[in-house]
Amino acid sequence: MKEDLHILLQRALQSLEGSLRSGPVDPQLIVLDRARDSAHGDFASNIAMRLAKAAGKPPRAIAEAIIAALPASPIVERVEVAGAGFINFFLAKDLYARELVRIHEQGEAYGRHRPEHPRKVLLEFVSANPTGPMHVGHGRQAAFGDALGNVLAAAGDVVTREYYINDAGRQTEILAVSVWVRYLEACGEVLKFPENGYRGDYIRPVAHALHQREGNALRHPVTTVFEGLPADAPEGDKEKHIDALIARCRTLIGEPAWERVLESSIAAMLAEIRDDLDGYGVHYDNWISERAFTQGGAVDRALERLRAKDLLYVKDGAEWFKATQFGDDEDRVVVRENGVKTYFASDIAYHLDKRERGFDLLIDVLGADHHGYVTRVRGGLQAFGHSGDCLEAPLIQLVALFRNGVKMSMGKREANFVTLRQLREEVGNDACRIFYLMRSNDQSLDFDLDLAKSKSNENPVFYVQYAHARVASVMKELAVRGMEYDAENARQIVLDRGASLLAGPQAEAMLSCVSRYPEVIRQSATQRAPHALVHYLRELATTLHAFYNAERVLVPETEIRSARVYALLAVQQVLRNGLEVLGVSAPESM
RNA sequence: GCGCCCGUAGCUCAGUUGGAUAGAGCGCAUGGCUACGAACCAUGAGGUCGGGAGUUCGAAUCUCUCCGGGCGCGCCA
């Protein structure tokens, strides 16, 4: 609807190029918005005001000229100049009724855009370390990433979802040693658990499984294990302590056994994460293992290329990347003094690989605490000649969980924290997702458990789902009463007399709102803002509820009934499409 | 100290390529079920858009500055 109008405006401006003294007008410049006040018509454009300065003419004069140059079209009833130079479009009355027909014809595809040359987008999100279960912060990232992927796909991008498994590096070694220490306990040893280990209960089953497989083969007396290690916190340094413990473990049990512990621990954590995401309805196209990626030599090759470009140098025994050349605050280490490559090194290679796989746009959904990291990764891409713009990193602000009005602690190394699974089981997937998605990603979120569970009106999921179910209920009632509804017949009635049959403030508001859906999808994609869709769906549900309360649907008059049912089914379709994009179910009854 | 995010109605928040009278939900007040689901609807009260300055036809939106809150600033990931 909006696109048709946009084309008319473009044509008008093209024909005026000479007289406006402003040269060709970039179509991007043409802003066309829904009028907030119906007195201003259906759509309004401020293009005349934007051109006024360059053209050296008053906005209203330009507006008049544009209107005069506007090609005749059946969709436009009349056009006015208003205010400082707004061009207000009043559309043909039957246009909204015709849009209903379009919704019925396109069904699930309504609102989806099909550009000629779709972008290839790589969307990486969650990528939580496989060192424990996902927490409520990951839940927000998962909901956002998944919905954003759906929104982009609906807007016409080809989206690939990827999970990068951080299964290399120190954190996984800490995981393995945590499992081993719990294993020692399972063997009957009594000891003090390291401060910097993963102390969560989820470690214990992994340790018990290890005990079942290995028996006491990896058991060593506590005195041997801790003999001569640097002191743990609070007296000593917990980092030094755990690193020494890792080294001790590897010596005592041997490298082959260490590898078994490491791999089985990671596999167990990863299985739980995949299971969690699966249960949450989040599915990936690719799972990329950092270890496999590194072992394939990709990181070494990337570093070699950087050396060849003279973008690495050695200082203090470590090798550094000249990140400052690309806007970072300081240069960054890629190879540590001990010869081990940093996570950043593999991330450079990984992002380079994404581009070399042919993706136009890379999106990393990150927790807000990673914001300082983005510049250097972008710098890595720029070092290989890629534009910095090809990487975007929407930051997801923190989630604070409240129960009974009390904020709950969330550290992964703490014994007790609320997992995503617990949250889902407590409040349900749908409420969970909507709650996460209704706020802008750069707004921190207080997740009130009691509120999400209470089925109160403050949780819009019920409101929107109820609107959807309500239409289903009307259809059931129609059948119960034995009333006639023929879709083809209704279509013809709406095409012929839709504007008059669906008149009245509530019907008009509903029809106008439902026709906005394609615009909302586009805007939501452009702004990387799934929450805009949540707000829209709530608004659409409002117009449906208002219409339902104002007008009786199942009336004896066939034409009126058909038109109203036809309209409700169209709104229901759009609600379903929108909920689908958000990853929320659209129930027939509640 | 530096960087990023946030500050809008009593509460939680929408509103960013600058546009017409700043919106929604909750809460509060009042009203609506003997006909399709009242998990709903209708009406109303409620604002110096954190403060100040600037840019211009026009600023919640852009710039500067100050205040307040959150998060980062590792040879961790």
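Everything quoted here is computed from the prediction, not taken from an experiment.
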Exercise. Could you check A/Asn46, A/Ile30, A/Leu13 and say which one makes a side-chain contact (heavy atoms from CB on, under 4.5 Å) with A/Leu51?
Key: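 It is A/Leu13; the other options fail the test.
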Identify whether any heavy atom of [X] sits under 4.0 Å from a base atom; if not, whether one sits that close to sugar-phosphate; answer base, sugar-phosphate or nothing.
| X | value |
| --- | --- |
| A/Arg552 | base |
| A/Glu551 | base |
| A/Ser589 | base |

Only pairs with both distances under 3.5 Å count, Watson-Crick or wobble alike; so what is the partner of [N] in this structure?
| N | value |
| --- | --- |
| B/U16 | none |
| B/A39 | none |
| B/A53 | B/U63 |

Distance check, [atom1] atoms only: [N] and [M], in whole angstrom units.
| N | M | atom1 | result |
| --- | --- | --- | --- |
| B/C11 | B/C49 | P | 16 Å |
| B/G74 | B/G3 | P | 16 Å |
| B/C41 | B/G25 | C1' | 15 Å |
| B/U48 | B/U8 | P | 11 Å |
| B/A77 | B/G50 | C1' | 37 Å |
| B/G7 | B/U61 | P | 11 Å |
| B/U16 | B/C6 | P | 12 Å |
| B/C62 | B/U17 | P | 9 Å |

For the side chain of [X], counting heavy atoms from C-beta on, which of [options] is nearest?
| X | options | value |
| --- | --- | --- |
| A/Leu395 | B/C6, B/C4, B/A77 | B/C4 |
| A/Gln443 | B/G37, B/C41, B/A14 | B/A14 |
| A/Tyr548 | B/C36, B/U17, B/C4 | B/C36 |

Could you work out, with side chain to side chain donor-acceptor pair (under 3.5 Å) as the rule, every residue matching [X], not counting sequence neighbours?
| X | value |
| --- | --- |
| A/Asp442 | A/Ser440 |
| A/Arg119 | A/Asp157 |
| A/Glu539 | A/Arg516 |
| A/Glu519 | A/Arg34 |

Quiz prompt | With sequence neighbours excluded, residues passing salt bridge (charged side-chain N to carboxylate O under 4.0 Å, His left out) with A/Asp364 | solution =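 Checked A/Asp364 against salt bridge (charged side-chain N to carboxylate O under 4.0 Å, His left out); matches are A/Lys354.
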Tell me: [atom1] of [X] to [atom2] of [N], nearest whole Å?
| X | N | atom1 | atom2 | answer |
| --- | --- | --- | --- | --- |
| A/Met438 | B/G25 | CE | C1' | 7 Å |
| A/Phe462 | B/G37 | CZ | C1' | 16 Å |
| A/His545 | B/A39 | NE2 | C1' | 8 Å |
| A/Leu575 | B/C40 | CG | P | 15 Å |

Quiz item: Aromatic rings A/Tyr350 and A/Tyr164: how do their planes relate, parallel, tilted or perpendicular, breaks at 30° and 60°?
Solution: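 Parallel, since the angle between the ring planes stays under 30°.
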Quiz item: Between A/Phe321 and A/Phe326, what is the ring plane arrangement, given parallel below 30°, perpendicular above 60°, and tilted in between?
Solution: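 The arrangement is parallel - the two ring planes meet at less than 30°.
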Self-check item: Short side-chain N/O contact to B/C26 OP1/OP2 from A/Tyr463, under 4.0 Å
Solution: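 A/Tyr463 to B/C26 OP1/OP2: no side-chain N or O under 4.0 Å.
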Quiz item: Quick one: is B/G15 close enough that its OP1 or OP2 comes under 4.0 Å of any side-chain N or O from A/His531?
Solution: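 Yes, within the criterion.
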Self-check item: Pair listing, side chain to side chain donor-acceptor pair (under 3.5 Å) test, anchored in residues 541-557 of chain A, at least two apart
Solution: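 Residue pairs passing side chain to side chain donor-acceptor pair (under 3.5 Å), neighbours aside: A/Tyr463-A/Thr542, A/Arg470-A/His545, A/Glu551-A/Arg564.
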Self-check item: Pairs meeting criterion side chain to side chain donor-acceptor pair (under 3.5 Å) with involvement of residues 523-535 of chain A, two or more places apart
Solution: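 Qualifying pairs: A/Glu392-A/Arg528.
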Each nucleotide N or O in nucleotides 19-22 of chain B that has a protein N or O under 3.5 Å away: list the pair and distance.
unit_1, atom_1, unit_2, atom_2, d
B/G19, N7, A/Asn46, ND2, 2.9
B/A20, OP2, A/Arg36, NH2, 2.2
B/A20, N6, A/Asn88, OD1, 2.6
B/A20, N1, A/Asn88, OD1, 3.4
B/A20, N1, A/Asn88, ND2, 3.2
B/U21, O4, A/Asp37, OD2, 3.3

Exercise. Report the residues that fulfil ring-ring contact (aromatic ring centres under 6.0 Å, His included) with A/Phe89, sequence neighbours left out, ordered by chain and then residue number.
Key: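 So A/Phe89 forms no ring-ring contact (aromatic ring centres under 6.0 Å, His included) with any residue.
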Practice problem: Taking ring-ring contact (aromatic ring centres under 6.0 Å, His included) as the test, write out the residues that go with A/Phe125, two or more places apart. | Solution: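 ring-ring contact (aromatic ring centres under 6.0 Å, His included) list for A/Phe125, sorted by chain: A/Tyr284.
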Quiz prompt | Test of ring centre spacing under 6.0 Å for A/Phe435 and A/Phe447 | solution =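 Ring centres of A/Phe447 and A/Phe435 closer than 6.0 Å.
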N/O contacts under 3.5 Å, protein versus nucleotides 69-76 of chain B?
unit_1, atom_1, unit_2, atom_2, d
B/C71, O2, A/His371, NE2, 3.4
B/C75, O2, A/Glu337, N, 2.7
B/C75, N4, A/Asp316, O, 2.8
B/C76, OP2, A/Arg336, NE, 2.9
B/C76, OP2, A/Arg336, NH1, 2.2
B/C76, O2', A/Gln171, NE2, 3.0
B/C76, O2, A/Gln171, NE2, 3.4

Quiz item: Tell me, which of residues 558-569 of chain A have any heavy atom that sits under 4.0 Å from an atom in RNA chain B?
Solution: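 Nucleic-acid contacts, sorted: none.
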